[in-house]
Amino acid sequence: QVQLVESGGGLVQPGGSLRLSCATSGSIFNIYVTGWYRQAPGKQREVVAAIGSSGVTHYSDSVKGRFIISRDNNNKTDLQMNDLEPEDTAVYYCNAGLSPTAGGGTRYLELWGQGTLVTVSS
C-alpha cells in the first residue's frame with residue numbers, strides 16, 4: 001500500500017526558514033505530480049506548489065520567490081520555505097498523483113499525507 005509521510009513542520013520566527021519533506025512508502029510504478037497544499041484556520045485548502053514528472057514547477061503567487069519545491073530520484077518531495085511570514089501559518093499537506101506497481105501500473109491514485117503544522121510567530 002502506497003502512502004505519503006510528511007515531516008519537517010514546527011515553529012519558526014518571521015523571516016526564518018523551514019524545510020518540509022514528503023516521502024513515499026510502498027512500490028510505485030510512476031509518479032506524475034506531487035504538490036504541497038496548506039489550510040489555515042477558517043480557510044479553504046489551497047495549493048502552494050507543485051512539480052510534474054518533467055520537473056516543471058508551479059507556485060502560488062503568495063509564495064513565489066520564497067518557496068522552492070523539488071523531488072529526488074527516490075520520489076521524496078521537499079518544500080524549502082524561506083522568509084516565512086505569519087500568513088504562512090497553516091497545516092501543510094503533501095499530495096501526489098501516481099500509479100502503484102500493484103496492478104501493473106494501470107491504476108491512478110491521488111494520495112494525501114497526514115499534514116504537518118507550520119507556525120510562524122515571534
Side-chain angles (χ1 to χ4, degrees):
Q1 183 178 1
V2 178
Q3 292 180 320
L4 305 179
V5 180
E6 300 149 351
S7 61
L11 173 65
V12 64
Q13 292 185 342
S17 298
L18 275 178
R19 189 177 185 89
L20 305 183
S21 290
C22 175
T24 59
S25 65
S27 182
I28 297 172
F29 180 78
N30 198 5
I31 188 164
Y32 304 103
V33 61
T34 52
W36 286 93
Y37 289 69
R38 68 186 181 187
Q39 187 165 19
K43 294 188 177 181
Q44 289 188 329
R45 190 174 297 189
E46 62 175 359
V47 62
V48 174
I51 183 167
S53 56
S54 63
V56 174
T57 57
H58 165 79
Y59 297 94
S60 68
D61 288 342
S62 62
V63 307
K64 200 171 293 182
R66 301 187 296 122
F67 291 10
I68 301 171
I69 189 170
S70 61
R71 191 165 77 210
D72 66 16
N73 291 333
N74 293 316
N75 292 324
K76 184 170 70 75
T77 302
D78 287 350
L79 184 68
Q80 177 66 40
M81 305 186 294
N82 300 319
D83 194 20
L84 284 160
E85 304 168 352
E87 292 75 22
D88 296 316
T89 295
V91 177
Y92 284 70
Y93 297 90
C94 180
N95 172 273
L98 55 85
S99 291
T101 302
T106 58
R107 289 192 301 153
Y108 180 84
L109 300 177
E110 182 181 12
L111 301 179
W112 290 91
Q114 78 280 7
T116 185
L117 177 63
V118 172
T119 303
V120 184
S121 175
S122 55

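For reference, positions follow the sequence shown, starting with 1.
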- Task: Could you check whether the rings of W112 and Y37 sit parallel, tilted or perpendicular, using 30° and 60° as the cut-offs?
- Result: perpendicular

- Item | Minimal non-hydrogen separation, S53 against R71, with atom names | CA-NH2, 3.3 Å

- Go through the side-chain N and O atoms of D78 and Q80 and say whether any donor and acceptor fall under 3.5 Å apart. no

- Between L20 and M81, which heavy-atom pair has the shortest distance, and what is it? CG-CE, 3.7 Å

- Atom pair NZ/SG of K76 and C94 - distance to nearest 0.5 Å: 11.0 Å

- Query: Is any side-chain heavy atom of F67 less than 4.5 Å from a side-chain heavy atom of W36?
  - Reply: no

- Query: Under 4.5 Å between any side-chain heavy atoms of L98 and L111, yes or no?
  - Reply: yes

- Message: Testing the basics here: between A96 and I31, what is the closest heavy-atom pair and its distance to 0.1 Å?
- Response: CB-CD1, 4.2 Å

- Query: Above 12 or not: heavy atoms from other molecules or residues under 6.0 Å from CD of Q44?
  - Reply: no

- Item | Distance, nearest 0.5 Å, that separates CD of E46 from CD of Q39 | 9.5 Å

- Query: Does I28 share a hydrophobic cluster with V5, counting links as ILVMFWY side-chain heavy atoms below 4.5 Å and allowing steps through other members?
  - Reply: no

- Task: Could you tell me whether the side chain of Q1 reaches within less than 4.5 Å of the side chain of P100, counting heavy atoms only?
- Result: no

- Query: Looking at CG of D72 and CG of N74, how far apart are the two atoms once the value is rounded to the nearest 0.5 Å?
  - Reply: 5.0 Å

- Contact summary for S27 and T101, nearest pair of heavy atoms: OG-OG1, 2.7 Å

- Note on the structure: CG of L84 to CZ of R66, rounded to nearest 0.5 Å, is 6.5 Å

- Between T34 and the options L4, I51, T24, the side-chain contact (heavy atoms from CB on, under 4.5 Å) test singles out I51

- Query: Just how far is it from atom CG of D83 to atom OG of S17, taken to the nearest 0.5 Å?
  - Reply: 8.0 Å

- Query: Got a donor-acceptor contact below 3.5 angstrom from the S99 side chain to the R107 backbone?
  - Reply: yes

- Query: Is there a side-chain contact between L11 and S121 (heavy atoms, below 4.5 Å)?
  - Reply: yes

- Decide yes or no on side-chain contact (heavy atoms from CB on, under 4.5 Å) for E110 and N95, but give the supporting numbers first. CA-CA 7 Å; E110 182 181 12; N95 172 273; 3.0 Å; yes

- Note on the structure: Nearest heavy-atom approach of L79 to A49 is CD1-CB, 4.1 Å

- Query: Within the side chain of E6, is there an N or O that forms a donor-acceptor pair under 3.5 Å with the backbone of C22?
  - Reply: no

- Are V12 and V63 connected in a single hydrophobic cluster, I mean Ile/Leu/Val/Met/Phe/Trp/Tyr linked by side-chain heavy atoms less than 4.5 Å apart? yes

- Query: Hey, what do you get for CG (D88) to OG1 (T119), rounding to the nearest 0.5 Å?
  - Reply: 11.0 Å

- Message: I'd like to know if the side chain of S62 pairs up with that of S60 as donor and acceptor (distance under 3.5 Å, no hydrogens or angles considered).
- Response: yes

- What closest approach, in Å, do K64 and Y59 show between heavy atoms, and which atom pair accounts for it? CE-O, 3.7 Å

- Query: Are V48 and V33 in one and the same hydrophobic cluster, where Ile, Leu, Val, Met, Phe, Trp and Tyr link if side-chain heavy atoms are under 4.5 Å apart?
  - Reply: no

